[in-house]
S.K.: 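Here you go, one structure.
Along the sequence shown, residues carry numbers from 1. Atoms within a ligand are numbered from 1 in the order they appear, just like the ligands themselves.
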Amino acid sequence: MLRFDNVTFSYPGSAPALEGVTFEVNDGEKVGLIGANGAGKSTLMKCVPGLLEASGTITVGGLAVNRENLAEVRRKVGYVLQDPDSQMFMPKVIDDMIFGPVNYGLSREEAEAGADRVLEDLGITRLRDRYNHRISGGEKRMAAIATVLAMGPDIMLMDEPSSSLDPRNRRALINTIKGLDRTMLIASHDLDMILDICSRVILLDGGKLIADGKAADILRDRELLEAHSLELPLSLSR
Ligand SMILES: Nc1ncnc2c1ncn2[C@@H]1O[C@H](COP(=O)(O)OP(=O)(O)OP(=O)(O)O)[C@@H](O)[C@H]1O
Ligand SMILES: [Mg+2]
């Protein structure tokens with residue numbers, strides 16, 4: 001469903017932020033992407049919808065990410081950015097949520113019905129008609145996630161989806177994600193959430209893939225995690 005083959009990327013004038021990263025995410029699989037600050041998680045995600053142009057090959061549902069295929073690739077991929085502010089551009093939450101679906105041909109009524117279902121699933125119906133610039137940081141993150149869910153993409157990339165969420169919103173997010181039969185790549189420092197949601201984990205350090213395996217194995221491996229500046233999930237550290 002999603003393949004990275006020898007993906008390498010350097011920001012101008014810097015050492016490589018990604019070096020020869022190779023792995024694939026199978027249809028319907030939920031994969032956690034972990035690694036210390038600066039490991040390359042966000043950079044890797046940005047290469048998928050072509051926000052950054054990497055060398056090597058990335059394929060999305062069999063389609064290579066290149067300039068010709070970009071529109072089609074972006075239609076398949078939903079992306080929750082690490083910074084929700086750079087994702088919201090309509091005045092109200094509901095406007096943002098229906099923008100994509102209406103653009104892809106749904107009527108306003110159909111798009112609103114879909115958006116309302118997502119808001120209800122996430123327990124944030126109260127944010128529906130609020131202005132994006134007048135809601136809190138955590139509310140904005142929930143709204144950004146809702147916007148991507150409302151698009152119903154084949155593949156979802158989520159960069160730090162649980163950061164700044166209170167416990168109830170974090171739980172609502174986890175339950176919603178678990179209930180979705182969707183291919184997902186989730187970058188996070190919230191290793192308890194990763195353990196709860198993901199069957200597989202990829203560990204990055206210094207732009208290189210260090211480990212790729214079962215979440216239950218990698219997230220239990222104290223030595224491996226500590227060697228790469230991480231710690232055991234709280235639920236496994238007692
Ligand atoms: N716009 C940029 N220009 C130059 N270097 C950058 C830029 N963005 C990120 N980097 C560098 O690329 C490397 C990977 O950064 P990236 O944002 O992918 O890390 P990350 O794993 O997402 O970290 P975090 O956990 O802090 O979100 C880091 O060394 C970072 O300093
Ligand atoms: Mg990041």
S.K.: Using a distance threshold of 2.8 Å, state whether an N, O or S atom of Gln82 lies below it from the Mg ion (ligand 2).
M.R.: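 Given the 2.8 Å cut-off, Gln82 counts as a ligand of the Mg ion (ligand 2).
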
S.K.: Just to confirm, does any protein heavy atom lie below 4.0 Å from atom 6 (C) of ligand 1?
M.R.: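 Within 4.0 Å: yes, protein heavy atom nearby.
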
S.K.: Distance to 0.1 Å, residue and atom name: give those for the protein heavy atom nearest to atom 27 (O) of ligand 1.
M.R.: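 Going atom by atom, the protein heavy atom closest to atom 27 (O) of ligand 1 ends up being Gln82 NE2, 3.0 Å.
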
S.K.: Within 45° of the ring axis of Tyr104 and under 6.0 Å from its six-membered ring centre, is that where the NZ or CZ of Arg75 lies?
M.R.: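 Judged by the rule, Arg75 and Tyr104 form a cation-pi pair.
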
S.K.: For Met45 and ligand 1, answer yes if some heavy atom of the residue is under 4.0 Å from a ligand atom, otherwise no.
M.R.: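 Not so, Met45 does not reach ligand 1.
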
S.K.: Using 2.8 Å as a strict upper limit, say whether an N, O or S atom of Asn37 approaches the Mg ion (ligand 2) that closely.
M.R.: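 Checking the Mg ion (ligand 2) against Asn37, no N, O or S atom falls under 2.8 Å.
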
S.K.: Quick one: which of Pro16, Gly207, Ser42, Gly206 has a heavy atom closest to atom 22 (O) of ligand 1?
M.R.: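 Looking at heavy atoms only, the winner is Ser42.
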
S.K.: Applying the 4.5 Å side-chain criterion to the ILVMFWY set and letting contacts propagate, would Ile218 and Val31 be lumped into a single cluster?
M.R.: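 Not linked; separate clusters.
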
S.K.: Could you tell me if Asp192 and Ser235 have a donor-acceptor pair between their side chains, going purely by distance under 3.5 Å?
M.R.: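 Result is yes, a qualifying pair exists.
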
S.K.: So is there a nitrogen or oxygen of Asn37 less than 3.5 Å from a nitrogen or oxygen in ligand 1?
M.R.: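 Yes, Asn37 has an N/O under 3.5 Å of an N/O on ligand 1.
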
S.K.: Check whether any N or O atom of Gly38, backbone or side chain, sits under 3.5 Å from an N or O atom of ligand 1, and answer yes or no.
M.R.: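 Yes; at least one N/O pair falls below 3.5 Å.
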
S.K.: Would you mind checking which non-hydrogen protein atom is closest to atom 10 (N) of ligand 1, with the distance to 0.1 Å?
M.R.: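 That would be Tyr11 CE1, 3.3 Å.
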
S.K.: Does a sphere of radius 6.0 Å around CZ in Arg126 hold more than 12 heavy atoms from other residues, nucleotides or ligands, not counting ones at 6.0 Å or beyond?
M.R.: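 Enclosed.
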
S.K.: Heavy atoms only, cut-off 4.0 Å: how does Pro12 contact ligand 1, side chain, backbone, both, or neither?
M.R.: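 Neither; nothing of Pro12 gets under 4.0 Å from ligand 1.
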
S.K.: Enumerate the atoms of ligand 1 whose separation from the nearest heavy atom of Ala17 is less than 4.0 angstrom.
M.R.: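 Counting atoms of ligand 1 from 1, those under 4.0 Å from Ala17 are 12 (O), 13 (C).
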
S.K.: If we count only N and O atoms by modelled type, under 3.5 Å, do the side chains of Ser162 and Asp190 hold a donor and an acceptor together?
M.R.: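 The criterion, which ignores hydrogens and geometry beyond distance, is satisfied for Asp190 and Ser162.
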
S.K.: If you group Ile, Leu, Val, Met, Phe, Trp and Tyr by side-chain heavy-atom gaps below 4.5 Å, do Ile145 and Met184 land in one group?
M.R.: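 Both belong to a single hydrophobic cluster.
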
S.K.: Counting only heavy atoms on the protein side, is anything nearer than 4.0 Å to atom 31 (O) of ligand 1?
M.R.: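 False for atom 31 (O) of ligand 1.
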
S.K.: For Glu24, I'd like to know if atom CD has over 12 heavy atoms of other residues, nucleotides or ligands within 6.0 Å.
M.R.: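 Check passes, neighbour count above 12.
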
S.K.: Got an N/O contact under 3.5 Å between Gly35 and ligand 1?
M.R.: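 No.
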
S.K.: Which residue owns the protein heavy atom closest to atom 21 (O) of ligand 1, what's the atom, and how far is it?
M.R.: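 For atom 21 (O) of ligand 1, the nearest protein heavy atom comes out as Lys41 NZ, 2.7 Å.
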
S.K.: So is Ala15 touching ligand 1 or not, going by heavy atoms under 4.0 Å?
M.R.: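 Flag not set, Ala15 not near ligand 1.
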
S.K.: Is any NZ, NE, NH1 or NH2 atom of the basic residue among Arg171 and Asp196 found under 4.0 Å from an Asp or Glu carboxylate oxygen of the other?
M.R.: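 So Arg171 pairs with Asp196 through a salt bridge.
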
S.K.: If the cut-off is 4.0 Å to any non-hydrogen atom of Ala36, which atoms of ligand 1 fall inside it?
M.R.: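 Those of ligand 1 that fall under 4.0 Å from Ala36 are 21 (O).
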
S.K.: In terms of hydrophobic clusters joined by side-chain contacts under 4.5 Å, are Ile177 and Tyr79 together?
M.R.: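 No; tracing contacts between hydrophobic side chains, which count when under 4.5 Å, never links both residues.
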
S.K.: According to a 4.5 Å side-chain heavy-atom criterion applied to Ile, Leu, Val, Met, Phe, Trp and Tyr, with indirect links allowed, do Val148 and Leu81 form part of one hydrophobic cluster?
M.R.: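 Val148 does not cluster with Leu81.
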
S.K.: Looking only at protein heavy atoms, identify the closest one to atom 16 (P) of ligand 1 and say how far it is in Å.
M.R.: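 The closest one turns out to be Thr43 OG1, 3.5 Å.
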
S.K.: Scan side-chain atoms only and decide if Ser42 and Asp159 contain a donor-acceptor pair under the 3.5 Å cut-off.
M.R.: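 Yes, Asp159 and Ser42 have a side-chain donor paired with an acceptor closer than 3.5 Å.
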
